[in-house]
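Here's the structure, in structure tokens; my notes come after.
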2 protein chains.
Amino acid sequence: MTRDVKEIFGSPVGSLAAKVRTLAPSMTRSMQRVAEAVANDPAGCAALTVTGLAELTGTSEATVVRTARLLGYPGYRDLRLALAGLAAQQQSGRAPAITTDIAVDDPIADVVAKLAYEEQQTLADTAAGLDTAQLGAAVGALTGARRTDVYGIGASGLVAQDLTQKLLRIGLIAHAHSDPHLAVTNAVQLRSGDVAIAITHSGSTGDVIEPLRVAFEHGATTVAITGRPDSPVTQYADHVLTTSTSRESELRPAAMSSRTSQLLVVDCLFVGVAQRTYETAAPALAASYEALAHRHRTNPR
Amino acid sequence: MTRDVKEIFGSPVGSLAAKVRTLAPSMTRSMQRVAEAVANDPAGCAALTVTGLAELTGTSEATVVRTARLLGYPGYRDLRLALAGLAAQQQSGRAPAITTDIAVDDPIADVVAKLAYEEQQTLADTAAGLDTAQLGAAVGALTGARRTDVYGIGASGLVAQDLTQKLLRIGLIAHAHSDPHLAVTNAVQLRSGDVAIAITHSGSTGDVIEPLRVAFEHGATTVAITGRPDSPVTQYADHVLTTSTSRESELRPAAMSSRTSQLLVVDCLFVGVAQRTYETAAPALAASYEALAHRHRTNPR
DNA sequence: TCACGGATGAAAGATATTTTCGGTTCGGTG
DNA sequence: CACCGAACCGAAAATATCTTTCATCCGTGA
């Protein structure tokens, strides 16, 4: 046979349409119909069986197989796999382009995509902007602390609790305070060697600044986790950990991205401390996991 | 026009590895072997027939088909097509970034980078795996609810509180419960038209399942947010929202990524509800922002 | 130890793909 | 105009592949 059949299985599939055009002249009428269908709608054809494609093009299975052969595949099965790949590439090629704000009439799928994208963005920004020296210093302070108090209100209060839960798990003594009065009352107890952490996005939440100030004045090592590195809270902070602030919109208040950002910082603190106290932290983590096992119903299998 | 660009043939293609991770715990040993082979080498497996893959993994055809089913495909044939698509994407697109686990002696900068990367991964996986139909249904239920109760314990308890805070801000009546007894006591009060949401990564936390069951039996619409779509909690859930499970390591327990995942789902719920009740939600959001203004010290430049 | 329930694979059954083969069309030819 | 041959085409048989069923096996808990 003089025509040189080039093996394209495993080579870029993007040339399929071109190949169809090249080979079209040497095809019989029915084969052209099949080839055309395949070139026009790879994804759709990938979903069809030989019989289906034969019916769609008004031809027979044999013709479909012959066409597949002509296009360089061992049979229809392999053409179909290649089509699936092509379809996937086309799909992924289309950039989601989710740069716009979330709109009131966005379908739910868009909401998911946009939120996920924005939170990813927030994480990247936070990681990029985080001062590792400050972080390291904060970790150092936590590692040697006699006790640690964490202040946060509203959404930041949950982050404070999250940090506290984690620190407790590795054997540190930590408390979260969201009641301003109790926070101050406790802050008075702190002294050198203790750590106080304030979490506030705006950096100007009085109820959180106040206990930090008291802790600061009593000699505790103070840390601020805030999105505004020039805000009042930093005034009383030995170490400032900056969270990133992303675009906010009406349907996505700042609290949402700041929470993501704060949690990343908190996780970094936790892992940092766990590293430095690995000898005690690892068994403590294992133990707390163990202790909870019986609270879970037997796993179905 | 369908907005689900990730979907081909009804199954998300981009998240296969994530899906394997999510479902792995509920798989039998042999099925895990098959799933692992598929996740490790999509391209290679796409070239194999059922029999071939069965031999490769040392199992039987039946097991391969069962695994394909579990992964959400009608049969092996469709899994194979999806694999071909995945392979094409991987080959053409970016090489999948491989990160190592966080090690005890990683410098702090690496810790930040790895954590941020893994959380981003978790977000992407969650978004890809989230069933928008279920999400939409849950949003619909929340929108018309007389009242909403949210159950969560430990880290999930914080997520429950986060959701509650948000819903309250847009004028819904919502409560978070982390005390199992109080939760059940309150669940008894629920009736048709009310909504109960259980948040549990393992899906088998008895203290969270119990109130959901009670709510379910009293006619409330029930929602489960869990990383195990086949776990006991789903038994009493009208709508199941699946969070993704990422690789966990000693220094990065599962709780960390599950929290990220859960929060994304919660945010989606919130935004969804806010969209549908925009007329009342927007002013409510503005009002709550307004009310807090005086609690912040005047902002310095 | 035994009984039980789920996990597993061998083989039967169903479907899809490939091959075979004979009918049909079409252009050329006597 | 009748005939011939070659290529085209599709129905159906043959084969490969996938799916389902069912008996066995294995681990588990009493």
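Lettering follows sequence order; numbering is per chain, from 1. The analysis underlying the following values was restricted to heavy atoms, covering all of them including side chains, and did not include hydrogens, waters or symmetry mates.
- Remark: Leu81(A) CG to Tyr73(A) OH distance equals 10.0 Å, nearest 0.5 Å.
- Under the 3.5 Å distance criterion, the side-chain polar atoms of Thr243(B) are matched with a main-chain donor or acceptor of Gly227(B).
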**Message:** I'd like to know whether Thr205(B) forms a side chain to side chain donor-acceptor pair (under 3.5 Å) with Thr200(B), so could you lay out the CA-CA distance, the side-chain angles of the two residues, the decisive distance to 0.1 Å, and finally the verdict.
**Reply:** CA-CA 7 Å; Thr205(B) 312; Thr200(B) 158; 3.0 Å; yes

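- Using a 4.0 Å cut-off on heavy atoms, the residues of residues 27-34 of chain A that approach DNA chain D are Thr28(A), Arg29(A), Ser30(A), listed by number.
- Residues passing the side chain to side chain donor-acceptor pair (under 3.5 Å) test with Thr49(A), sequence neighbours excluded: none.
- Atom-to-atom, CZ of Arg80(A) to P of dT18(C) comes out at 11 Å; the value is rounded to the nearest Å.
- Rounded to an integer number of Å, the gap from CZ of Arg69(A) to C1' of dT18(C) is 7 Å.
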Taking only distance into account, with no hydrogens and no angle test, what donor-acceptor pairs under 3.5 Å do side-chain atoms of residues 182-190 of chain B form with protein atoms, sequence neighbours excluded?
{"residue": "Thr185(B)", "atom": "OG1", "partner": "His181(B)", "partner atom": "O", "Å": "2.6"}
{"residue": "Asn186(B)", "atom": "ND2", "partner": "Leu182(B)", "partner atom": "O", "Å": "2.9"}

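- One interatomic measurement links the two molecules: CG of Leu48(A) to C1' of dT15(C), which rounds to 15 Å at whole-angstrom precision.
- Taking the charged nitrogens against the carboxylate oxygens, Glu36(A) and Arg33(A) have no contact shorter than 4.0 Å, which rules out a salt bridge.
- With DNA chain C read from its 5' end, the first of the two nearest nucleotides for Arg66(A) and Val50(A) is the one closest to Val50(A).
- A heavy-atom distance below 4.5 Å is not found between the side chains of Leu123(B) and Glu119(B).
- A salt bridge links Arg213(B) with Glu217(B); the closest basic N to acidic carboxylate O contact falls under 4.0 Å.
- Within residues 53-64 of chain A, the residues that place at least one heavy atom under 4.0 Å from DNA chain C are, in residue-number order, Glu61(A), Ala62(A).
- With sequence neighbours excluded, the residues forming a salt bridge (charged side-chain N to carboxylate O under 4.0 Å, His left out) with Asp149(B) are Arg147(B), listed by chain and number.
- Note that the first and last nucleotides of DNA chain D, 5' to 3', having any atom under 4.0 angstrom from a heavy atom of chain A are dC8(D) to dT17(D).
- Distance CG/Asp78(A) to CG/Leu71(A): 12.0 Å, rounded to 0.5 Å.
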